Amino acid sequence: MLHPAWWTIDPCARFQLGPRIFPGRIWTASGCFAYGLTGHDMTSDDVASPYSGLGAVVTKTVTPLPRSGNPMPRLVETPHGALNSIGLENVGFEAFLAEVLPELEERGVPTVVSLAATNPGEFGAMAARLQECAGPLGCWHGVELNLSCPNVAEGGHDFGKDPRTVAQCVAAARSHLPDRALLAKLTPNVADIAGLARAAAEAGADAVSAVNTFVGLEVDLATGKPILPRRFGGYSGPALLPLALAKVDEIVSRTGVPVVGAGGIATAEDALKFFALGAVAVQVGTAQMRDPFTAARIARDLGKQG
Amino acid sequence: MLHPAWWTIDPCARFQLGPRIFPGRIWTASGCFAYGLTGHDMTSDDVASPYSGLGAVVTKTVTPLPRSGNPMPRLVETPHGALNSIGLENVGFEAFLAEVLPELEERGVPTVVSLAATNPGEFGAMAARLQECAGPLGCWHGVELNLSCPNVAEGGHDFGKDPRTVAQCVAAARSHLPDRALLAKLTPNVADIAGLARAAAEAGADAVSAVNTFVGLEVDLATGKPILPRRFGGYSGPALLPLALAKVDEIVSRTGVPVVGAGGIATAEDALKFFALGAVAVQVGTAQMRDPFTAARIARDLGKQG
Amino acid sequence: MNTPDPLPGAYQGIGRVTANRPVSSGLIRMDLVLARPLDFSPGQFAMLNLAGPSGMVFSRPFSILAADGQDVSFLYRVVGRGTAAFADLGPGAPVSFLGPLGRPFPARTPGQRAVLLAGGVGLPPLHDWLARHGRPGDLACFGAREGHDVPWNLLDERWTVCVEDPDGLDGHPAVTGLVTAPVAGPELPRGRDRILLLSCGPRLLLRAAADLAAAQDWECWLSLEEHMGCGYGVCKGCVVQVRVPGIPGSGPGSRNATCCQEGPVFRAEDLIWT
Amino acid sequence: MNTPDPLPGAYQGIGRVTANRPVSSGLIRMDLVLARPLDFSPGQFAMLNLAGPSGMVFSRPFSILAADGQDVSFLYRVVGRGTAAFADLGPGAPVSFLGPLGRPFPARTPGQRAVLLAGGVGLPPLHDWLARHGRPGDLACFGAREGHDVPWNLLDERWTVCVEDPDGLDGHPAVTGLVTAPVAGPELPRGRDRILLLSCGPRLLLRAAADLAAAQDWECWLSLEEHMGCGYGVCKGCVVQVRVPGIPGSGPGSRNATCCQEGPVFRAEDLIWT
Ligand SMILES: Cc1cc2nc3c(=O)[nH]c(=O)nc-3n(C[C@H](O)[C@H](O)[C@H](O)COP(=O)(O)OP(=O)(O)OC[C@H]3O[C@@H](n4cnc5c(N)ncnc54)[C@H](O)[C@@H]3O)c2cc1C
Ligand SMILES: Cc1cc2nc3c(=O)[nH]c(=O)nc-3n(C[C@H](O)[C@H](O)[C@H](O)COP(=O)(O)OP(=O)(O)OC[C@H]3O[C@@H](n4cnc5c(N)ncnc54)[C@H](O)[C@@H]3O)c2cc1C
Ligand SMILES: Cc1cc2nc3c(=O)[nH]c(=O)nc-3n(C[C@H](O)[C@H](O)[C@H](O)COP(=O)(O)O)c2cc1C
Ligand SMILES: Cc1cc2nc3c(=O)[nH]c(=O)nc-3n(C[C@H](O)[C@H](O)[C@H](O)COP(=O)(O)O)c2cc1C
Ligand code: FES
Ligand code: FES
């Protein structure tokens, strides 16, 4: 059952994405697994570690300067998903380079570094500095440009909706990253996500990640006001699956650009649906928060050994 | 609890929308309650009839000519919602005028007629003919232009994404409908739904209905292919609630255009969330299919008598 | 009277589980008590769901096996999420009920012998039909894969049980073969005024029944299964293709019929198999 | 040793319910058996969820009441969807478990008397602290609204029970008043080397405890409740504001600390109340 006839890939085998060989196709999504586990050792009865079989951990998005994020509450469960307005809390790019990335390398965690910035120049500068500082690292496989986080006031939201801006950001980063995979993470809150994907690919992205969260809102019935102080948050989790599948299908079938799928994946079956549509890899987000072994179990269930 | 302090409206009281007085603010959504109940009498232990307390039944969208709709399967349940690709099966506008509308009048069902067409001229012609044939009817309160159905190949999809087309369709219908409420039903599959709402209002719509379904897709794991023959369907049901709330809030807070809210409403609490954001009325769609008394129970629970 | 009765009023309410127990290796019988008495005809169904917000987005259609006053019974097999959830319900659990829905199997016209072909979970409507309308000389066949799959306690001696595999019969009498086997012989007369064939079960069985009836010119009604959204005719998610008389000058046409409201029981000749 | 222990390894697995019964009118005790023995310190918690796809999107944090080998116990109150679902679980039901998580309450330093203030479902960590570290002279107070709310069987004679309303005591000994009442008198010495105040419960209690400690210069640790996404430090959904030492030349600053990983137990002075 977990290996239907049409399914021939081993997602725990190495595969090439752009200039880089990744150790597998089951990844964790940015913001849902921090910089990998920090401070915790984790065990389970059935999987050796939360990293077993994973192709990459996409790190929490880092920005040029540290950010403390949005006011609380910034994470709300809804019956079928979650709304977050974390606001890109992160240690900042320099601390990330100095402390986080070396530690990921030391622990042997395959890493994709998620970056956000407010203009193409900043993206370029971060990419250049990454290449300069982290060039020799073996576990750093690529960069994902977060062009779509709906929680940042300064431009973040509409930023990634314009294909030209997407292209500029990708081009700026690409020029400094000759030997790493470059991914553009797209917002689904547009009429034409395929257009964004095409723009990203033409500017040099090796793949696009789709999707980031949908704009959502939850009301506190006691007050009649939105629960999140900024009203809107990013909707993620199981409710998203059919929406994310549609966006991925739109990109794959209209553009042929390689897609790393994300949105609502919690089980091997969910992941299979993205692969069925032609996704080259998948990311586990919200479900990884519920259980740090989710992605590793998906890798085990779908792997040839599974 | 059902009547929080901020909540002062009686949704079962008459209210004015454009040139028309509606008997209430809890409506059923187009396509989820046909032309009202046809052929069935329904009883329950707690509510007198599925129409009790309802402000309007928005009829299944009718098109100039009859349509048999899309191939089967065209309705798929997902764990948190539903995907439909009914394809606007309907009896056609002339049969609707001749048979359905008089019957709704006879049964005293407050009615909003949902219309779809492929260009502004057709919308105008249908509006004119409605006014001509149904002008004297007392239960016909208004027209909802379905500018957003994602299931029709011939233009339906991208049609409602362009504010200019929206404005043209609204204007064409408005000129023939002096004394009925005119609503434009908007697609959520755009980056800027507030822009559509503004265009509709400026062209003469009394309100907008938001939202229609989101584009979604479900994969059949056995075959690895989309379950729906047309790949995509419209995603509706509980998963939509936070997305629909966000779209409604965007319209209300950015434009002030009156909004009739829809998307995922299954309980009085769900409906209250739309009212909290300023919706003037709400529509119950998918949940009405599960239980024909859903909207009537919401009206009862939220009504002053409730 | 072969014309289907007009649709009776449907009732929506919360039933309470009084029993929910296996009656064979694959079949579970669920009994509910409703808040009011239920009247139905064999072939009609109800839409069931878990009560409250934990329910499925769509209710599930199940044929009514029997109803007595406020008690109503179903027979089902666990095939997916909904039926698995139903199987977990214990006595007292609330179940959302909407029914009876759809058009029933017709009664016989005078002079007709009835042939009933029920496959697996297709038993309920024909079980009730036989209980109400059965006469000596009728042939009622129930088909299952093997003996353990047969709900013996539900089937009195009027039923001929057919099993594909004679294992697990534990001494119960049964024909080895498909459920159509007892009908294949030459004993039954030809002609639609002589035989009324009713069938409910897997699609292959329905096709076989339709073919048999066509070959023998029998009157034939079939109960179809389509995935349903609403069950009461509003969503158009359950349509099947039926023939319509041609407009003079052009050939016969087809149209959509809702399985939930114009069916689930259709005259075999009206159906266009796809 | 007042410095929190380093975080131990957390275990993720499926526990099975062995008992799930009310211990007072508002409190339920749930016992699980895990697949392996559990080691924890008082104040640590676990993230619990229904097993499988019917679970909530986020697991729910609950303080560990006790653990003995593979058995682990929780005390909870039904407040919403998740806890209502937990209350429905019968023996054998699977529960997804991730724990132990977070930093525990510290042990005392020599010379300190402990004052424990537990309100309602804030009992578990302090109950376990007292069981492990309690000494004669410690003052352990449990507060509830009225007698029926008190889990008498869990509270031995070392616990002083405080009820706001003396109804429903049924002869049990209790102080009428807030849980802080027994601490208010002048009997307790001043100074952080003399009293270690630990508190867990409603926010108002924590504020009162912090104020008391500040006024008396007691060492004080509080267990905070924040809504949690992950419970293990990755989502940043549970942050609280804590003070950081000022950079020389500028005033003291603040930063986000994750309640799940840097807490849930914080030194009262470090907290910035919002
Ligand atoms: C008129 C009618 C009468 C029926 N009577 C019975 C009966 O008496 N006993 C019985 O066991 N089954 C009966 N069925 C089939 C029964 O409805 C399905 O087995 C049930 O809906 C499966 O639900 P699920 O959630 O377990 O399966 P899932 O596969 O998880 O369901 C997913 C969706 O598919 C639909 N679906 C899946 N299988 C079927 C099917 N065979 N027919 C229709 N919809 C399906 C479900 O309703 C749901 O919407 C009947 C179907 C119809 C149309
Ligand atoms: C470290 C820690 C230890 C806790 N220990 C206990 C305990 O031992 N016994 C006990 O009964 N409760 C305890 N709680 C509170 C418990 O987590 C909540 O009562 C529970 O999450 C409510 O879930 P629900 O689905 O029933 O409520 P809902 O209101 O439906 O939950 C909706 C969301 O809000 C969150 N939430 C609601 N109330 C709280 C709360 N008070 N604290 C944190 N999150 C909340 C839920 O986790 C969920 O994400 C503890 C909380 C924390 C942070
Ligand atoms: C709490 C939280 C934080 C997130 N932070 C980020 C982020 O920093 N950068 C980013 O690109 N995406 C972020 N996301 C989006 C996820 O990476 C993912 O694209 C999205 O949640 C959809 O996948 P899911 O349904 O599996 O969660 C975040 C999501 C959540 C729930
Ligand atoms: C089966 C089905 C058919 C629908 N048909 C129509 C339609 O004909 N016209 C229309 O404007 N909307 C149609 N809709 C959309 C609903 O009216 C509603 O806008 C949408 O489903 C969101 O609300 P809900 O989540 O309450 O269902 C249909 C929805 C469903 C599920
Ligand atoms: S199931 Fe909705 S029309 Fe038949
Ligand atoms: S709950 Fe996720 S970081 Fe604390």
Side-chain angles (χ1 to χ4, degrees), chain B residues 28 31-47 50 57 59-60 66-91 227 236-239 264 266-267 269-270 285-294 296-297, chain C residues 4 6-15 34-36 38 47-60 70 80-82 96-103 226-242 244 253-262 274:
Chain B
T28 60
C32 302
F33 204 49
Y35 312 119
L37 286 175
T38 39
H40 271 298
D41 250 8
M42 295 268 182
T43 56
S44 81
D45 293 322
D46 54 343
V47 181
V57 167
T59 59
K60 172 75 193 173
R67 293 177 56 93
S68 58
N70 289 337
M72 292 280 284
R74 55 198 200 176
L75 187 58
V76 178
E77 191 195 74
T78 68
H80 307 282
L83 277 180
N84 89 79
S85 170
I86 305 294
L88 291 187
E89 168 164 353
N90 77 95
V91 296
I227 294 186
S236 67
T267 65
E269 284 86 350
D270 297 338
T286 303
Q288 190 70 6
M289 293 163 53
R290 172 172 161 181
D291 177 348
F293 291 86
T294 306
R297 288 204 181 94
Chain C
L7 284 170
Y11 160 68
Q12 194 288 323
I14 300 295
L34 304 175
R36 58 173 73 172
L38 187 76
M47 297 295 285
L48 302 184
N49 208 329
L50 304 179
S54 57
M56 281 81 66
V57 175
F58 295 148
S59 298
R60 305 295 193 242
Q70 293 168 231
R81 199 162 74 100
S96 167
F97 173 98
L98 175 66
L101 297 164
R103 298 191 188 278
E226 278 297 337
H227 289 214
M228 291 183 175
C230 65
Y232 65 98
V234 299
C235 75
K236 308 297 175 207
C238 67
V239 298
V240 299
Q241 296 262 94
V242 296
V244 288
S254 73
R255 66 171 182 89
N256 288 343
T258 51
C259 180
C260 67
Q261 202 177 43
E262 302 186 56
T274 44

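Here is the naming used below: chain letters follow the sequence lines, and residue numbers restart at 1 for every chain. Small disclaimer: the values here were computed from a predicted structure and weren't measured.
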Chemist: List the steps, then state whether side chain to side chain contact (heavy atoms under 4.5 Å, CB included) holds for B:D291 with C:Q12.
Modeler: CA-CA 8 Å; B:D291 177 348; C:Q12 194 288 323; 3.3 Å; yes
Chemist: Tell me whether B:R74 contacts the main-chain N or O of C:K236 through its side chain, where contact means a donor paired with an acceptor under 3.5 Å.
Modeler: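 Yes; at least one donor-acceptor contact below 3.5 Å.
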Chemist: Nearest 0.5 Å, what's the CD-CZ distance between B:E89 and C:R255?
Modeler: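 With rounding to 0.5 Å, CD (B:E89) is 9.5 Å from CZ (C:R255).
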Chemist: Among C:T274, C:V240, C:V239, find the residue that satisfies the side chain to side chain contact (heavy atoms under 4.5 Å, CB included) test when tested with B:M72.
Modeler: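 Of all the options given, the one that passes is C:V239.
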Chemist: Heavy atoms only, distances under 4.5 angstrom: which of C:G55, C:S96, C:A35 has the most pairs with chain B? Name it, please.
Modeler: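 Option with the greatest count: C:G55.
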Chemist: After noting the C-alpha distance and the side-chain angles of C:M47 and B:M289, does the key distance pass the side chain to side chain contact (heavy atoms under 4.5 Å, CB included) rule?
Modeler: CA-CA 11 Å; C:M47 297 295 285; B:M289 293 163 53; over 6 Å; no
Chemist: Please look at C:E226 and chain B and tell me whether the side chain, the backbone, both or neither of the residue comes under 4.5 angstrom of a heavy atom of that chain.
Modeler: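 Looking at C:E226, just its side chain touches chain B.
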Chemist: Looking at chain C, which one of B:P238, B:A266, B:A239, B:P79 has the largest number of heavy-atom pairs inside 4.5 Å, strictly under?
Modeler: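 The candidate making the most pairs under 4.5 Å is B:P79.
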Chemist: Where does B:P73 contact chain C at under 4.5 Å (heavy atoms): side chain, backbone, both or neither?
Modeler: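 Contact with chain C: none, neither part.
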Chemist: Does the side chain of C:R36 pick up a donor-acceptor pair with the side chain of B:T43 at under 3.5 Å?
Modeler: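 There is such a pair between these side chains.
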Chemist: Which heavy-atom pair separates C:F58 from B:A82 by the least distance, and what is that distance?
Modeler: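 Minimum heavy-atom contact is CZ-CB, 3.4 Å.
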Chemist: Quick check: closest heavy atoms across C:R81 and B:T78, and the distance to 0.1 Å?
Modeler: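 Shortest heavy-atom contact: NH2-O, 4.2 Å.
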Chemist: Return the option, out of C:G237, C:S59, C:C238, C:G231, with the maximum number of heavy-atom pairs under 4.5 Å with chain B.
Modeler: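 Answer, by heavy-atom pair count under 4.5 Å with chain B: C:G237.
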Chemist: Please check: side-chain N/O of C:N256 versus main-chain N/O of B:S68, any donor-acceptor pairing under 3.5 Å?
Modeler: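 Side chain of C:N256 to backbone of B:S68: a pair is present.
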Chemist: To check you understand the geometry: which heavy-atom pair defines the closest contact between B:A34 and C:G233, and what is its length?
Modeler: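 Scanning both residues completely, I find the closest heavy atoms to be CB-O, 4.4 Å.
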Chemist: Chain C heavy atoms under 4.5 Å from B:F33: which part of the residue, side chain, backbone, both or neither?
Modeler: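 Both parts, heavy atoms under 4.5 Å.
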Chemist: Less than 4.5 Å to any heavy atom of chain C: does that hold for the side chain of B:P292, its backbone, both, or neither?
Modeler: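 Both backbone and side chain.
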Chemist: Does any backbone or side-chain atom of B:V76 lie under 4.5 Å from a heavy atom of chain C? Answer side chain, backbone, both or neither.
Modeler: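 Backbone only.
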Chemist: Where is the tightest heavy-atom contact between B:L75 and C:C235, given as atom of each residue plus distance?
Modeler: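 Reported closest heavy-atom pair: CD2-SG, 3.6 Å.
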Chemist: Where on B:M42 is there a heavy atom nearer than 4.5 Å to chain C: the side chain, the backbone, both, or neither?
Modeler: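 For B:M42, the contact with chain C is made by backbone and side chain together.
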Chemist: Taking side chain as everything from C-beta outward and backbone as N, CA, C, O, which of these in B:T267 sits under 4.5 Å from a heavy atom of chain C? Side chain, backbone, both or neither.
Modeler: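 Neither; nothing under 4.5 Å.
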